[in-house]
Engineer: 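Provided herewith is a single structure, encoded as structure tokens, for subsequent inquiry.
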Number of protein chains: 2
Amino acid sequence: MAEKNIRERIKEVAVEHFNSNGYHGTTIRNIAKDVNCSLPMIYYYYNNKKELFDEIIKKEYFDLLKRQAALLRTNSIIDFYTKFVYDLNFLSNYEKKVYRLGIKVYLSFDGDEELMEIMDEWEKTILPRHYQILKPYLKNTDNDIGIVRTLVHLLETLIESIVVKNRFLPEEEIQEEISIVLRGCE
Amino acid sequence: MAEKNIRERIKEVAVEHFNSNGYHGTTIRNIAKDVNCSLPMIYYYYNNKKELFDEIIKKEYFDLLKRQAALLRTNSIIDFYTKFVYDLNFLSNYEKKVYRLGIKVYLSFDGDEELMEIMDEWEKTILPRHYQILKPYLKNTDNDIGIVRTLVHLLETLIESIVVKNRFLPEEEIQEEISIVLRGCE
DNA sequence: ATATACTCTTAACGAACGTTAGATATGGGG
DNA sequence: CCCCATATCTAACGTTCGTTAAGAGTATAT
């Protein structure tokens, strides 16, 4: 047993490498080098390269999404979404990279078809979920769904800015943009 | 000389492969196989793999962006942006793949640092350009820049939906979302 | 007809890859 | 003290990769 659980160390380093170089650009040798262990050590904990990648997406990424979705609601809907996005700024580097990797698979820039299908299933839940959250604040006009869709689209770009492009988004900017879309609500 | 300019055929097939498998997942051998030519043929027209990738991004992708930016303006600003996005639905498959590949590099999911820098330069021009376009329609309130930023963010997601996720976005949906952000303008 | 320039091929190079076989170290239970 | 399971290593396997050397086929110009 090394200083830290080696299995976890491997996963952490793997996230880094998959993130920077993609699935095919990442080599088991380089991961081993950064973990400071021998090459077959990785095969001791993971059956193969794909299994390592899969665990990151299926466990780490989706755990992160669920943790995020369980955020408590504040009394203002605009504040809620602002906080939702703003807090992403303060994810750990590891979490940000897992998130980034997930988005990469979500956009089918990496991973395989099996992972893509899992992502598609998740995507279908997004709109209804936010519709439920926003429902009490909507004014029952005929473009309610349009507002939800627009907000979700905006959120997607904001998340990408923070997580994928690694920018820091100030709270006021986030609030301003969300307010523009939700203008009239609440 | 083959049926078509072989150099162009190679580029077309390369776009396909880089798109599906990323830079590292793409092999010169597989490109050659799909082009129906021998492997060194590719080295006859391109010095190496990276040069082939670079030409696609530096020439094809940016040519596409410039062609797109040169769109004529209609009299309504909402119609202008709606058309801007809606027309993406009808890009050729080749153009869509080039676009997708460009976005992949833009999000630094592929490519190298040199290409990333070129992208960063381009990105800096985006906000000012749209501010110029929107200027006559803005009401000189203190969140003018916020509206421009929100619109650009929304456009980004819409473009991604069509080009990256390969969805078809109906004109009404696009118009609805843009209207929500530009609500009050014009 | 012969030389020259362009187009394209077969065959191979060395390097790097994912993966595995087999041995060694380590540490607790009988 | 020895046994056995777990943890880790060195060394190698076969495959595939990017790239190139060397030359064959073909058309044009002299």
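Numbers restart at 1 for each chain; the letters A, B, ... are given by sequence-line order, proteins then strands. Everything numeric here is computed off the predicted structure, so don't read it as measured data.
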Engineer: Calculate the interatomic distance between Asn48(A) atom CG and dC17(C) atom P; express it in whole Å.
Structural biologist: 17 Å
Engineer: By salt bridge (charged side-chain N to carboxylate O under 4.0 Å, His left out), which residues pair with Lys49(B), not counting sequence neighbours?
Structural biologist: none
Engineer: Are any side-chain N or O atoms of Asp112(B) and backbone N or O atoms of Leu115(B), one a donor and one an acceptor, separated by less than 3.5 Å?
Structural biologist: yes
Engineer: Checking side-chain contact (heavy atoms from CB on, under 4.5 Å) against Ile78(A), which of Lys83(A), Glu176(A), Gln175(A) comes through?
Structural biologist: Gln175(A)
Engineer: How far does OH of Tyr106(B) sit from NZ of Lys165(A), to the nearest 0.5 angstrom?
Structural biologist: 3.0 Å
Engineer: If the test is side-chain contact (heavy atoms from CB on, under 4.5 Å), which one of Leu151(B), Val148(B), Val152(B), Leu155(B) qualifies with Val181(B)?
Structural biologist: Leu151(B)
Engineer: Could you tell me whether the side chain of Glu173(B) and the main chain of Pro170(B) form a donor-acceptor pair under 3.5 Å?
Structural biologist: no
Engineer: Which of residues 35-46 of chain B have a heavy atom under 4.0 Å from DNA chain C?
Structural biologist: Cys37(B), Ser38(B), Pro40(B), Met41(B), Tyr44(B), Tyr45(B)
Engineer: Can you tell me the distance, in whole Å, between the CZ atom of Arg29(A) and the P atom of dC9(D)?
Structural biologist: 15 Å
Engineer: Can you tell which of Thr26(A), Asn36(A), Val35(A) makes a side-chain contact (heavy atoms from CB on, under 4.5 Å) with Val13(A)?
Structural biologist: Val35(A)
Engineer: Quick one: does Arg167(B)'s side chain have a donor or acceptor within less than 3.5 Å of a partner on Ser161(B)'s backbone?
Structural biologist: no
Engineer: With sequence neighbours excluded, tell me which residues meet salt bridge (charged side-chain N to carboxylate O under 4.0 Å, His left out) with Lys59(A).
Structural biologist: none
Engineer: CG of Asn5(B) versus C1' of dC8(C): gap in Å, rounded?
Structural biologist: 14 Å
Engineer: Pull out every residue in residues 49-60 of chain B that has a heavy atom closer than 4.0 Å to any atom of DNA chain D, ordered by number, or say none.
Structural biologist: Lys49(B)
Engineer: Using atom names, set out every protein N or O paired with an N or O of nucleotides 24-28 of chain D below 3.5 Å, distance rounded to 0.1 Å.
Structural biologist:
none

Engineer: Looking at Arg100(A) and Val163(A), would you say the former's side chain and the latter's main chain have a donor-acceptor pair under 3.5 Å?
Structural biologist: no
Engineer: Does the side chain of Val105(B) come within less than 4.5 Å of Tyr61(B)'s, by heavy atoms?
Structural biologist: no
Engineer: Has the side chain of Asn19(B) got a donor or acceptor atom that lies under 3.5 Å from a matching backbone atom of Lys97(B)?
Structural biologist: yes
Engineer: Provide, to the nearest angstrom, the distance between the CZ atom belonging to Arg7(A) and the C1' atom belonging to dT8(D).
Structural biologist: 16 Å
Engineer: Using the ring-ring contact (aromatic ring centres under 6.0 Å, His included) rule, pick out the option among Tyr81(A), Tyr137(A), Phe80(A) that qualifies with His130(A).
Structural biologist: Tyr81(A)
Engineer: Counting only non-hydrogen atoms, which of residues 16-28 of chain B are less than 4.0 Å from DNA chain D?
Structural biologist: Thr26(B), Thr27(B), Ile28(B)
